[in-house]
Student: 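One structure is given below, represented as structure tokens, and several questions about it will come after.
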Amino acid sequence: ACAATLARAGLHIEDARDAALALRPLAGDYASLVFGIGLAGAALLAAAIVPLSTAYSLAEAFGTIGDLDDAVRADRLFYGSFVALVGLAATIVSIPHLPLLQLIYFSQLVNAILLAPHLVLLVLLNRDVQILGNHDILSAWWSAAAWLGIALVVSAVLALGLALLM
């Protein structure tokens, strides 16, 4: 909706400055300040949450339980992966003249492409009687709804791919 509104008004967002200026009709002279506060808040939240959730997932994948209450020496995989991910992200965004908006678009493209196989695996896991038992598996109705959702995701990714090629 936001993109459609901006495009209809003839505004094109190429960087953070353009986004802040697009807020001027709504926020007036404080548009840059409002945008900056929102951007800083979102960045600080994401800088903590994304690597932390990835560290939890990695710990779980290797059979351990990551916990912020544990000592660093007790859970080196969890804390090591968290620190490595934060360091990697800080290094990447610190590269001079890196087009950050294109980097964000690219990361979301990769996210969209990886979503479909992730959803397929989740549906298959939720239909496995050995994992969930007889009473907890997805019903036929929910399975059909899940496969329809996956088809919609795949269609959207294919449409995005075609749009990028044209």
Side-chain angles (χ1 to χ4, degrees), residues 1-9 11-123 125-126 146 149-150 152-164:
C2 183
T5 303
L6 292 173
R8 187 173 296 146
L11 297 173
H12 299 284
I13 306 296
E14 296 295 327
D15 56 20
R17 181 178 182 273
D18 294 340
L21 291 175
L23 287 174
R24 185 165 292 231
L26 177 67
D29 293 335
Y30 296 105
S32 294
L33 178 65
V34 169
F35 182 77
I37 290 170
L39 187 61
L44 290 172
L45 182 66
I49 298 301
V50 172
L52 191 58
S53 63
T54 305
Y56 276 116
S57 297
L58 286 172
E60 191 173 311
F62 287 102
T64 64
I65 297 174
D67 193 348
L68 285 173
D69 292 329
D70 289 345
V72 174
R73 290 184 181 183
D75 200 349
R76 292 180 184 198
L77 173 66
F78 174 71
Y79 281 104
S81 59
F82 176 65
V83 170
L85 289 164
V86 169
L88 178 65
T91 301
I92 289 171
V93 299
S94 297
I95 296 172
H97 308 294
L98 182 71
L100 295 179
L101 242 95
Q102 284 80 7
L103 182 65
I104 291 169
Y105 292 150
F106 177 74
S107 71
Q108 292 308 306
L109 176 65
V110 171
N111 186 29
I113 291 169
L114 294 177
L115 179 61
H118 183 111
L119 291 175
V120 167
L121 290 174
L122 283 175
V123 170
L125 282 172
N126 279 291
I150 291 169
L152 289 172
V153 167
V154 169
S155 299
V157 169
L158 290 174
L160 176 64
L162 288 173
L164 290 174

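As a basis for the values below, the full set of heavy atoms in this structure was taken, side chains included, without hydrogen atoms, waters or symmetry mates.
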Student: Just how far is it from atom CG of Leu52 to atom OH of Tyr79, taken to the nearest 0.5 Å?
Tutor: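 Answer rounded to 0.5 Å: 9.0 Å.
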
Student: So which atom in Pro51 and which in Val86 form the shortest heavy-atom distance, rounded to 0.1 Å?
Tutor: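 What the structure gives for the nearest pair is CG-CG2, 3.6 Å.
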
Student: Distance check, rounded to the nearest 0.5 Å: Thr54 atom OG1 versus Ile49 atom CD1?
Tutor: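 Output value for this atom pair is 10.5 Å.
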
Student: What distance separates Gln108 CD from Ile113 CD1, expressed to the nearest 0.5 Å?
Tutor: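 Reported to 0.5 Å precision, the distance equals 11.5 Å.
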
Student: Applying side chain to side chain contact (heavy atoms under 4.5 Å, CB included), can you list everything that pairs with Leu100, at least two apart in sequence or on another chain?
Tutor: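 Applying side chain to side chain contact (heavy atoms under 4.5 Å, CB included) to Leu100 gives Val93, Leu98, Leu103.
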
Student: Starting at CG of Leu160, measure out to OG of Ser155 and round the result to the nearest 0.5 Å.
Tutor: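 Taking CG in Leu160 and OG in Ser155, the distance rounds to 12.5 Å.
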
Student: Quick one: OG on Ser53 to CG on Leu85, what's the gap to the nearest 0.5 Å?
Tutor: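 Going from the OG atom of Ser53 to the CG atom of Leu85 covers 9.0 Å.
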
Student: What are the two closest heavy atoms between Ala146 and Val123, and how far apart are they?
Tutor: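 Shortest heavy-atom contact: CB-CG2, 3.5 Å.
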
Student: So, taking the atom named CD1 in Ile150 and the one named CG in Leu122, what distance separates them when rounded to the nearest 0.5 Å?
Tutor: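 With rounding to 0.5 Å, CD1 (Ile150) is 8.0 Å from CG (Leu122).
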
Student: Could you give the side-chain donor-acceptor pairs of residues 58-70 under 3.5 Å, partners two or more places apart or in another chain?
Tutor:
residue : atom : partner : partner atom : Å
Thr64   : OG1  : Ala59   : O            : 3.1
Asp67   : OD1  : Asp69   : N            : 3.0

Student: Okay, side chain of Asn111, backbone of Ser107: is any donor-acceptor separation there less than 3.5 Å?
Tutor: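 Judged by distance alone, no pair lies under 3.5 Å.
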
